[in-house]
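Down below is the structure, laid out as structure tokens.
Worth knowing before you read on, the calculation uses all heavy atoms, side chains too, and leaves out hydrogens, waters and symmetry mates. Each residue takes its place number in the sequence, starting with 1. When a ligand or atom number is given, it counts from 1 through the structure's own listing order.
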Amino acid sequence: MNFIFLGPPGAGKGTLAAAVSVTYGIPHISTGEIFRAAIKAQTPLGCKVKAIIDSGALVGDDITIELIKERLSQPDTKDGFILDGFPRTIAQAEALEKIAHIDSAVNFDIDDTAVVERLSGRRVCRKCSHNFHVVFMPPEKENICSLCGGELYVRDDDKPEAIKHRLEVYRSQTAPLIDFYRAKNLLKDIDAKPATEAVLETFKAAFPVQ
Ligand code: AMP
């Protein structure tokens, strides 16, 4: 199955995509993660997008579409994939139609208050990129990754001003994709407010593993 995961930042798309990727044996493709890896490695792409990402704005459509086109041409995507964070604009969704067939766009639905609570408490491992939450998923030792021992940090775009900006960007540029995919009968709404395990069960019931 070829999935798109939609929903505001903080809906838990990344965490769910990681779990779905294991259960269904298909790759989890996160454009945000690809950009962050490029920033960490200080590649030309990383240097170009760092300030944009830190502010909570969107990277240009052309760069992002090229990136996804290249990623979806790789052989590990032939039996399915999960796109997490792409498309984020109607232009990206239209470009995607020419690149790949999509079976379902899953909309992880959650209100703004819960989003702010989740994002402001998120901590990410510098080494392995695993996500924690100070309240909902705390590491065993404060600021240390329970998986690899790496240092945990707050993403620049999880700081209050950037969160506000990301939510505005989501409402104006990305939320219209919900109607875009609904009109194509590809949309599946899932309530993202419950704990990850419960949301994952809802997902598995909606899309039984083949
Ligand atoms: P995410 O990890 O999905 O929250 O993405 C982090 C940041 O990467 C976003 O706030 C954007 O600046 C950038 N980004 C990720 N995916 C896209 C996309 N499809 N289009 C434009 N910018 C993106």
Considering the heavy atoms of Asp157, write down every atom of ligand 1 situated less than 4.0 Å from one of them.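 So the atoms of ligand 1 that pass are 6 (C).
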
Element-labelled atoms of ligand 1 that are located less than 4.0 Å from some non-hydrogen atom of Thr64: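 Checking each atom against Thr64, I get 18 (C), 19 (N), 20 (N), 21 (C).
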
Does any N or O atom in [X] lie less than 3.5 angstrom from one in ligand 1, N or O only?
{"X": "Glu33", "answer": "no"}
{"X": "Phe35", "answer": "no"}
{"X": "Ser30", "answer": "no"}
{"X": "Pro9", "answer": "no"}
{"X": "Ala57", "answer": "yes"}
{"X": "Arg166", "answer": "yes"}

What protein heavy atom sits nearest [atom], and how far off is it?
{"atom": "atom 6 (C) of ligand 1", "result": "Arg36 NH1, 3.5 Å"}
{"atom": "atom 8 (O) of ligand 1", "result": "Ile53 CD1, 3.7 Å"}
{"atom": "atom 20 (N) of ligand 1", "result": "Gln92 NE2, 2.9 Å"}
{"atom": "atom 16 (N) of ligand 1", "result": "Thr31 OG1, 2.8 Å"}
{"atom": "atom 22 (N) of ligand 1", "result": "Val59 N, 3.1 Å"}

Kindly confirm or rule out a cation-pi arrangement of Arg126 over Tyr153, judged by NZ or CZ under 6.0 Å from the six-membered ring centre and within 45° of its axis?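 Yes, Arg126 sits over the ring of Tyr153.
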
Please confirm whether Lys204 makes a cation-pi placement over Phe207, using NZ or CZ under 6.0 Å from the six-membered ring centre and within 45° of the ring normal.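 Cation-pi check for Lys204 and Phe207: fails.
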
Can you list the steps and then say if Phe5 with Phe108 is a ring pair (Phe, Tyr, Trp, His ring centres under 6.0 Å)? CA-CA 7 Å; Phe5 278 15; Phe108 293 99; 4.9 Å; yes

Between His165 and ligand 1, which part of the residue brings a heavy atom under 4.0 Å of the ligand: side chain, backbone, both or neither?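 The answer is neither.
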
Measuring from atom 4 (O) of ligand 1, which candidate in Arg88, Lys13, Gln173 has the nearest non-hydrogen atom?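 When every heavy atom of Arg88, Lys13, Gln173 is considered, Arg88 comes closest to atom 4 (O) of ligand 1.
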
Can you name the closest pair of heavy atoms from Pro9 and Val115 and give their distance?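 Between these two residues, the closest heavy atoms are O-CG1, 3.1 Å.
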
Shortest non-hydrogen separation from Arg118 to Pro194 and the atoms involved: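 Between these two residues, the closest heavy atoms are NH2-O, 3.7 Å.
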
Checking the side chain of [X] only, and the main-chain atoms of [Y] only, is there a donor and an acceptor separated by less than 3.5 Å?
{"X": "Ser55", "Y": "Ala57", "value": "yes"}
{"X": "Asn131", "Y": "Val124", "value": "no"}
{"X": "Lys13", "Y": "Gly7", "value": "yes"}
{"X": "Thr174", "Y": "Thr89", "value": "no"}

Is the shortest side-chain N to carboxylate O distance from Asp158 to Arg166 below 4.0 Å?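 Between Arg166 and Asp158 there is a salt bridge, with a charged N closer than 4.0 Å to a carboxylate O.
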
